[in-house]
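Scroll down for the structure; my scribbles are underneath it.
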Amino acid sequence: MKDQTISTEQEIIRLLKKKSRSYLSGQTLSKSFGLSRTAIWKHINAIKEMGYFIEASPAKGYRLNLDNLPFNAFEISSNLKTSFIGKDISFYKDTGSTNDAARAFAIKGAREGFAVVADSQTKGKGRLGRSWESPAGVNIYTSIVLRPSIMPLFAPQLTLVSAVAVAEAISKYSQKTPEVKWPNDILINSKKVAGILTEMNSETDRINFVIIGIGVNINMTRKMFPEELRPIATSLKEEIGKEISRIDFIQTLYLNLETWYKRYLKHGFEPIRRAWTGYFTMAGRVVKVRQMDKAIVGVAMGIDDNGELLLREKSGNITRIISGDVEI
Ligand code: BTN
C-alpha cells in the first residue's frame with residue numbers, strides 16, 4: 001500500500017513540530033487554516049492514523065511527541081540534506097521488493113536519485129536468488145535509481161561505492177568499525193548487518209539505469225531472525241545496545257551515498273578503492289570463493305583498480321574474481 005500524505009496534514013505536523021514543547025490550541029490551528037475546530041480535529045485524527053503520537057488536551061490543545069515520529073516519506077524528506085538522492089520518495093508500508101518497485105518507476109522515467117522505501121517487504125531479494133528477511137517496523141529497505149554515464153562493465157563498482165556509504169553511515173552509530181565483505185556485505189563483529197543488491201538495465205555500451213537496493217538491519221532483535229541466520233546475521237541495535245532512529249539513519253545513508261557517488265563520477269574508482277580497503281579486514285586471510293560451477297580457495301589480497309577481488313592461490317597465481325560468494 002502506498003502511503004499518501006495530504007498537505008494540510010503535513011502543514012499541521014510542521015506547526016506542531018515548531019510548538020512541540022508546549023501545546024498548540026485548536027483555535028490557533030483553525031484560524032491558521034481557516035477551518036472549523038471539528039475539521040481540525042478530523043485532521044488531527046488522520047495524523048494520528050499516520051502513526052504520530054499527539055496528546056490532546058481540551059483546555060490546551062495539541063502537542064506532538066517528537067521522540068516517536070513515524071517512518072514515512074514526509075519525515076525522511078524533512079531536513080534531508082541531499083541535492084538529488086531521496087528528493088523524490090515513494091514510500092510503502094508493504095511491498096514485494098523495493099528493487100522491483102524502483103525498476104518499475106525507472107522504466108517510466110524516474111529521475112536519478114528517485115528512492116523507494118518500504119517498512120516491510122514480502123519478497124525481499126538478496127544476491128544470487130536468495131531472499132532478504134524484511135519484517136515491519138524495524139529495518140531499512142530502500143532502492144535508489146541511478147543513471148550514471150559509465151560503461152555497463154563498470155556497474156559493479158557502484159556496489160562498492162554503496163558499501164562505503166553504508167559502512168560510513170554505520171560508523172556514525174557504532175563504536176565498532178564495520179567491515180566490508182566483497183562485494184556487497186557489511187558486517188559488525190563478523191556478522192552481517194547490511195547487504196546491497198545492484199541491478200542494471202542497459203544496452204551493450206550504455207546504462208539506462210541502475211537500481212541500488214540497500215537493506216540495513218537497524219532495530220531487529222535476535223529473536224526476529226530465523227534461527228539459521230542467528231549465528232551469521234545481526235542488527236545495529238543488537239551490536240550497540242540501543243534503538244536507532246530509522247529516519248536519522250536513512251538521511252545519513254542518502255547523504256553519504258550522494259557524496260561518494262559524486263566523488264566516483266568526478267574522480268573515478270580510486271578514492272572508492274581506498275575507502276573500501278579501509279573497511280576490508282579480510283586481507284591476508286584464506287577464503288573460499290564460490291562461483292556458479294566451481295569454488296576457488298586462496299588468500300584474499302584486496303581489490304584491484306576495477307573493484308575485482310584479488311586472490312592468491314596456493315600455486316602463487318593471482319586470480320581476479322569478478323563475481324562470486326566469499327566464505328571465510
Ligand atoms: C544481499 O546481501 O544478498 C543483498 C541484500 C539486499 C536487500 C535489499 S532490501 C532493499 C532492496 N530490496 C530488495 O528486495 N533487496 C534489496
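Counting starts at 1 for both ligands and their atoms, following the listed order. Position 1 is the first residue of the sequence, and the numbers go up from there. Given the structure is predicted, the values throughout are model-derived calculations rather than measurements.
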query = Are Arg147 and Phe209 in a cation-pi setup, meaning NZ or CZ lies under 6.0 angstrom from the ring centre and within 45 degrees of the ring axis?
reply = no

inquiry  = Quick check on side-chain contact (heavy atoms from CB on, under 4.5 Å): which of Leu160, Ile150, Asp304, Asp305 does Phe269 satisfy it with?
reply    = Leu160

inquiry  = Tell me whether Arg273 forms a cation-pi arrangement with Trp276, defined as NZ or CZ under 6.0 Å from the six-membered ring centre and within 45 degrees of its axis.
reply    = no

key: For Tyr52, the option from Leu66, Ile12, Leu64 that meets side-chain contact (heavy atoms from CB on, under 4.5 Å)   = Leu64

N/O pairs closer than 3.5 Å, ligand 1 and protein:
unit_1   : atom_1 : unit_2 : atom_2 : d
ligand 1 : 2 (O)  : Asn184 : ND2    : 3.2
ligand 1 : 2 (O)  : Lys192 : NZ     : 2.5
ligand 1 : 3 (O)  : Arg127 : N      : 2.6
ligand 1 : 12 (N) : Thr98  : OG1    : 3.0
ligand 1 : 12 (N) : Gln121 : OE1    : 3.0
ligand 1 : 14 (O) : Ser97  : OG     : 2.8
ligand 1 : 14 (O) : Gln121 : OE1    : 3.4
ligand 1 : 14 (O) : Lys125 : N      : 2.7
ligand 1 : 15 (N) : Lys125 : O      : 2.7

task = Ignoring hydrogens and angles, tell me if any N or O in the side chain of Asp185 forms a donor-acceptor pair with the backbone of Gly195 under 3.5 Å.
result = no

message = Below 30° counts as parallel, above 60° as perpendicular, anything between as tilted: where do the rings of Phe114 and Phe105 land?
response = tilted

